[in-house]
There are 2 protein chains.
Amino acid sequence: MITLSEENYLKCIYRLWQDKGQKITPTAIAESLGNNPASVVDMIRKLTDKQLINYDKKKGVELTAQGQKDATMIVRRHRLWEVFLLEKLDYHWDEIHDIAEELEHIKDATLADRLDKFLGFPEYDPHGDPIPKANGKMAKRYSTTLADVKTGGQCRVVAVKDTTSQFLQYLQKLGINIGTKIQLIEKISFDNSLVISIDGAEHKTVSQKFGESLLIDM
Amino acid sequence: MITLSEENYLKCIYRLWQDKGQKITPTAIAESLGNNPASVVDMIRKLTDKQLINYDKKKGVELTAQGQKDATMIVRRHRLWEVFLLEKLDYHWDEIHDIAEELEHIKDATLADRLDKFLGFPEYDPHGDPIPKANGKMAKRYSTTLADVKTGGQCRVVAVKDTTSQFLQYLQKLGINIGTKIQLIEKISFDNSLVISIDGAEHKTVSQKFGESLLIDM
DNA sequence: AAATAAAATTAGGTGAGACTAATTTTATTT
DNA sequence: AAATAAAATTAGTCTCACCTAATTTTATTT
Ligand SMILES: [Mn+2]
Ligand SMILES: [Mn+2]
Ligand SMILES: [Mn+2]
Ligand SMILES: [Mn+2]
């Protein structure tokens, strides 16, 4: 049996692996989960014993085939519940992440599949992240961010990389949603701030961090 | 903050209090939860410190006003999720209890109310138990069992007192559901077995325990 | 009332999952 | 290469929620 904490660690490792192709270190995991590195070392031992990860000082932490499978199914449950909360219970997109963080741990052989069917087999969650199918396959995951767009370039928001309510509420205030069209007017070389036009409206300036948190399609 | 275990204890005490009007002892709680009496004594101390119960060797365990309120809200969540699982995800009534046992612990200020609305404000759960409203009020709770019916008496099943899949599957096999009409043909005085006719069909014999697990309306 | 049985409680212990503080290893500067 | 900084690890502690075994209290028989 896999515990709730183990699941959260697995999911965290999975996310770090998808995000950056970099080496996954104990410190990175600790930061991401808000835990102490010493606790992470304990858990690395546990997950290694359970053959869900491999750890090598050179290569860092890597998911085993089983670990990847498990992580994918946790992500599947998380994203399906997010769709449920938004579409059926009328939550806003900045409220659903934390609740899904708990719902994802409910284990029942057929629950995810039934929920999937009930929701009409959605491809993406409300933040634009692809929902893994029962077989682990999933739709395309975008990786280009607004910060990668060249000056003058036009793009369309396809997903958010940051799901904190601070970021999502800021997006709401700016009128940005999945599907919104953005044009990059200018990149300020001093601090990489971005001057953008949202849906053709007047120019607004956002930070580099902001740009790196929005996934787009050109 | 109230933990998952504390919630399970509270709900257990609430159920024992509703079921039998008897004194609630550590042993009774231990049996009901499948825990050791020593563990129950630990938890009694914790819940007493949190002012959710009172314990007196004479009177046994009693819920405080706050404890009652909390327990009622856990029950509300449990029963609402059961309705969701049955009606929206097409589970059978013998599969939903254990999943709801986990879902009930997910805490979010508005989740239960949204779910309630989404489900159309159901009065009863799939086992015939009344669902507490947001204000704690709930529809009538039946207390007469099939074992209380007099020979020749006619009644209608309104709820099940036992939600184990063993019992529910047995009911399924007998063709008994909420709403089914049952006539008590004879009570065997030797062991209180009951000879019944289900929806006017041929006579069948069931045990006393069975009779005490079915709540009916005359 | 004394003996016996049952229930409640205490004492001490375990494993999970976190922590802090100290130490060791590895990487980066100077 | 030595010094310094950062990262990883170890050692020891804590809380939660359970356990077993022993003891004390309460109830039931004889
Ligand atoms: Mn989680
Ligand atoms: Mn999401
Ligand atoms: Mn529960
Ligand atoms: Mn029920």
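Quick note on labels: first sequence line is chain A, next is B, and so on, each numbered from 1. In this text the structure is predicted, and so the values were computed from the model without any measurement.
- A salt bridge does not link B/Lys23 to B/Asp56: none of the charged side-chain nitrogens sits closer than 4.0 Å to a carboxylate oxygen.
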Audit row: B/Arg76, B/Asp113, salt bridge (Lys or Arg N to Asp or Glu O under 4.0 Å) steps and yes/no: CA-CA 10 Å; B/Arg76 169 170 162 79; B/Asp113 294 347; 2.7 Å; yes

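- Computed from coordinates, the B/Glu6 CD to D/dT15 P distance equals 15 Å when rounded to whole Å.
- A/Phe210 is linked by a ring-ring contact (aromatic ring centres under 6.0 Å, His included) to A/Phe167, A/Tyr170, counting only residues two or more places apart in sequence or in another chain.
- Summarising the geometry, the separation between CD on B/Glu31 and C1' on C/dA6 is reported as 12 Å, rounded to the nearest angstrom.
- Using cut-offs of 30° and 60° for the angle between ring planes, the A/Phe84 and B/Phe84 rings count as tilted.
- For C/dT10, one of the phosphate oxygens OP1 or OP2 lies less than 4.0 angstrom from a side-chain nitrogen or oxygen of B/Arg45.
- For the pair B/Asp49 CG and D/dC16 P, the computed distance is 11 Å after rounding to whole Å.
- Taking the nucleotide of DNA chain C with the nearest heavy atom to each of B/Val41 and A/Leu4, the more 5' of the two is matched to B/Val41.
- If you check the side chains of A/Gln172 and A/Trp93, you find a donor sitting under 3.5 Å from an acceptor.
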Taking Watson-Crick (N1-N3 plus N6-O4 or O6-N4) and G-U wobble (N1-O2, O6-N3), each under 3.5 Å, can you produce the dot-bracket string of DNA chain D? Use [ ] for crossing pairs and | for inter-strand ones. ||||||||||||||||||||||||||||||

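- Checking the phosphate oxygens (OP1, OP2) of C/dA16, no side-chain nitrogen or oxygen of A/Tyr9 falls inside 4.0 Å.
- Between A/Asp19 and A/Lys161, no side-chain nitrogen of the basic residue sits less than 4.0 Å from a carboxylate oxygen of the acidic one, so the salt-bridge criterion is not met.
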Please produce a list of atom pairs where a protein N or O lies less than 3.5 Å from an N or O of nucleotides 20-26 of chain C.
{"from": "C/dT20", "atom 1": "OP2", "to": "A/Asn36", "atom 2": "ND2", "distance (Å)": "3.0"}

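- Counting heavy atoms of neighbouring residues, nucleotides and ligands inside a 6.0 Å radius, atom CD of A/Gln51 does not exceed 12 of them.
- Between A/Asp191 and A/Lys209 no salt bridge is recorded (no basic side-chain N to carboxylate O distance below 4.0 Å).
- One can place CG of A/Asn8 at 17 Å from P of C/dA16, the figure rounded to the nearest angstrom.
- Contact annotation: B/Ser5 side-chain N/O to D/dC16 OP1/OP2 distance is not under 4.0 Å.
- Interface remark: the B/Asp42 side chain does not form any donor-acceptor pair with the D/dC16 base, using a distance-only criterion of under 3.5 Å.
- Here D/dT9 presents its P atom at 11 Å from CD1 of A/Ile29, a figure rounded to the nearest Å.
- For A/Met43 and C/dG15, the CE to P distance is 16 Å, given to the nearest whole Å.
- Taking the six-membered ring where tryptophan is involved, the planes of B/Trp81 and A/Trp81 are perpendicular, since the angle between them exceeds 60° and thus also 30°.
- Atom NZ in A/Lys50 sits roughly 12 Å away from atom C1' in C/dG15 (whole-Å rounding).
- As a whole-Å value, the separation of A/Asn35 CG from D/dC14 P is 20 Å.
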